[in-house]
Amino acid sequence: MSVRVRFAPSPTGYLHVGGLRTALYNYFFARHNNGKLILRIEDTDRSRFVENAVENLLKTLTWAGIEFDEGPHVGGPFGPYIQSERLEIYRKYANVLVESGWGYYAFDTAEELENARKSSPHHEFKYDRYKMRNQFTLGEAETKRLINSGVPYVIRLKVPENQQIRFVDIIRGEIIVNTKDIDDQVLLKSDGFPTYHLANVVDDHLMRITHIIRGEEWLPSVPKHILLYDAFGWEVPAMAHLPLLLNPDRTKLSKRQGDVAVEDYIEKGYFRDAFVNFIALLGWNPSGDREIFSVEELIEKFQLEKVNKSGAIFDVVKLDAINAKYWYSKPIDELAEMFSYWVEKRGFKGFSNEYLARVVALLRERVKKLPDIIDFAPYMFERPKKYDSSDLKKHWSNNVENYLNDILNILKSVNEFTHQNIHDEIMKYLNEKNLKLKELIHPLRLAITGLSYGAGMFETMEVLGKDEVISRLEEFLTNVLPTLSNKS
RNA sequence: GGCGCAUUCGUCUAGUGGUUAGGACACGGCCCUCUCAAGGCCGCGGCAGGGGUUCGAAUCCCCUAUGCGCUACCA
């Protein structure tokens with residue numbers, strides 16, 4: 001039997017990084033086994049409807065490089081792949097359950113349930129089918145009458161009293177749960193929509209899903225699902241429950257403690273392949289010391305059995321480190337093209353991709369991701385707004401003004417403004433004056449960039465260009481240096 | 001409260017009865033150096049605790065502790 005897996009998110013408006021990992025593992029597993037990957041939208045909660053959520057999801061999934069064989073956007077033999085468009089199917093199967101005695105009607109209102117919960121100590125409430133308002137307490141005739149007169153109802157699962165349910169999770173091994181700990185789950189809500197449990201089981205069966213790969217938060221629900229498969233007489237798919245992605249405090253990854261939407265990380269400038277690489281290795285790794293893998297390698301090496309059991313903290317510092325390792329795997333003009341997005345977004349206009357390419361080449365090894373270049377070296381896009389000489393006192397000579405004036409003249413005389421030529425001319429001058437480079441380069445850096453750190457000064461000047469460098473140096477000598485000298 | 005799952009350096013992890021418990025990130029030091037990085041070298045740092053099983057346990061079993069998840073007409 002050929003492998004069929006699915007990624008089944010609810011459309012919340014963005015893709016959670018945990019969701020991305022689940023999608024990735026499904027994708028790796030499908031490709032590794034020459035199987036099919038299905039996208040299914042689980043939008044059975046009408047109160048959580050979000051406009052354009054499916055489009056956003058697809059856009060982000062596409063960014064990550066995940067391709068689906070079936071789904072709302074590509075079709076497939078078992079469509080529609082949006083649950084809100086499949087309501088008739090769930091209703092039909094809910095009725096099958098009622099007829100076979102596995103499901104029953106219940107009429108309790110939200111208030112009644114809430115009161116029952118309140119009056120039970122320590123959250124010990126369990127739905128008692130022999131006390132609440134339902135088919136068992138009301139009788140067949142009354143039940144029929146209420147339904148015919150349009151009273152809202154739900155259909156609940158009649159869970160066996162005291163029965164061991166056992167199943168094998170590919171990642172965790174055998175798990176045993178007693179049905180006495182399971183509530184009579186609502187399957188069909190009073191608005192006619194199914195709950196997750198019903199829709200999920202019905203769709204996974206109908207869509208011929210062979211392996212369910214999803215987050216660990218679903219593990220406690222598996223017995224309910226097994227009861228449903230049994231009730232329908234269906235085969236239970238293989239299951240693999242992935243460990244959770246965690247906040248630094250080890251709680252389930254959530255907003256509040258940082259960004260959880262993949263879109264946030266795209267916007268921060270992480271490379272697609274670096275981000276995928278990082279996420280893929282959170283909770284799984286193919287053994288060994290390597291940690292940089294292409295998507296093709298991840299697919300080739302992926303094994304569900306090797307997925308870890310315990311949760312992994314989403315550590316941005318590590319993500320930054322991985323991202324930085326991807327600098328040299330990308331053509332410089334591709335980087336410039338990407339970079340132009342952030343440059344313009346920060347309000348800097350009119351820079352050619354050729355210039356941006358030189359800026360990226362000059363500065364990439366000093367930062368972790370593309371947009372960081374702007375914060376690290378704003379002077380590549382605008383004149384220094386202020387000059388911070390506080391770190392430079394130790395390199396400050398009394399003759400700085402004279403030296404810089406000489407340098408200005410030297411720079412003016414350099415015809416071909418390459419870093420090599422600039423270097424040679426300045427070194428010649430230093431030799432004549434018997435000066436060391438470090439006595440001059442720091443004041444010069446301050447004059448040109450306003451900062452005390454940055455890429456190599458000769459290279460920086462080359463990229464900035466002769467006119468700009470000279471202009472900045474003149475500005476510094478006439479307007480800035482006098483004020484600095486007075487202070488020091 | 002109940003049920004379930006988990007537990008190797010601060011973090012991500014390798015490890016499946018015999019290893020000086022390995023790597024990466026972070027951190028500290030040194031080298032390099034025009035600063036900041038990058039790079040190179042060195043270092044710091046871990047099997048949650050207690051019982052077993054075994055000639056021998058990070059690896060197998062039990063208990064405890066801790067953490068997390070679930071416990072909705074949310075997924």
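Sequence lines set the chain letters: A, B, ... in the order given, protein chains first and strands last, and positions in each chain run from 1.
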For [X] and [N], give me the distance from atom [atom1] to atom [atom2], rounded to whole Å.
X	N	atom1	atom2	value
A:Glu217	B:G4	CD	P	19 Å
A:Tyr379	B:C36	OH	P	13 Å
A:Met457	B:U35	CE	C1'	10 Å
A:Lys325	B:A24	NZ	P	9 Å
A:Lys309	B:C5	NZ	P	12 Å

Quantified in whole Å, what is the [atom1] atom distance between nucleotide [N] and nucleotide [M]?
N	M	atom1	result
B:C3	B:C63	P	14 Å
B:G50	B:A57	P	14 Å
B:G51	B:A14	P	28 Å
B:G43	B:A48	C1'	26 Å
B:G29	B:U8	C1'	27 Å
B:G22	B:A58	P	14 Å
B:G67	B:U59	P	23 Å

Among [options], the one nearest [X] by side-chain distance:
X	options	answer
A:Tyr453	B:A75, B:A24, B:C36	B:C36
A:Asn285	B:C34, B:C36, B:U13	B:U13
A:Ile313	B:U11, B:C25, B:A75	B:U11
A:Val154	B:G4, B:A37, B:C73	B:C73
A:Asp181	B:G2, B:C74, B:G69	B:G2
A:Tyr196	B:A75, B:G4, B:C73	B:A75
A:Glu124	B:C34, B:A75, B:G1	B:G1
A:Arg117	B:A72, B:A37, B:U35	B:A72
A:Ser310	B:U8, B:A38, B:A75	B:U8
A:Glu459	B:C34, B:A75, B:C25	B:C34

Kindly indicate whether the side chain of [X] and the base of [N] share any N or O donor-acceptor pair separated by less than 3.5 Å?
X	N	result
A:Ser190	B:C73	yes
A:Arg250	B:C68	no
A:Arg366	B:C36	yes
A:Lys318	B:A26	no

Taking the six-membered ring of [Y] as reference, does the cationic atom of [X] (NZ for Lys, CZ for Arg) lie under 6.0 Å from its centre and within 45° of its axis?
X	Y	result
A:Arg156	A:Tyr127	yes
A:Lys268	A:Tyr270	no
A:Lys301	A:Phe293	no

>> Just to verify, which of A:Phe458, A:Tyr429, A:Phe417 counts as forming a ring-ring contact (aromatic ring centres under 6.0 Å, His included) with A:His423?
In response: A:Phe458
> In Watson-Crick or G-U wobble terms, both distances under 3.5 Å, what is the partner of B:A38?
Replying inline: none
> Can the ring centres of A:Phe68 and A:Tyr81 be said to be less than 6.0 Å apart?
Replying inline: no
>> Please classify the nucleic acid contact of A:Ile322 as base, sugar-phosphate, or nothing, using heavy-atom distances under 4.0 Å.
In response: nothing
>> Taking A:Arg472 first and then A:Glu468, would you say they form a salt bridge - that is, a charged N and a carboxylate O separated by under 4.0 Å?
In response: yes
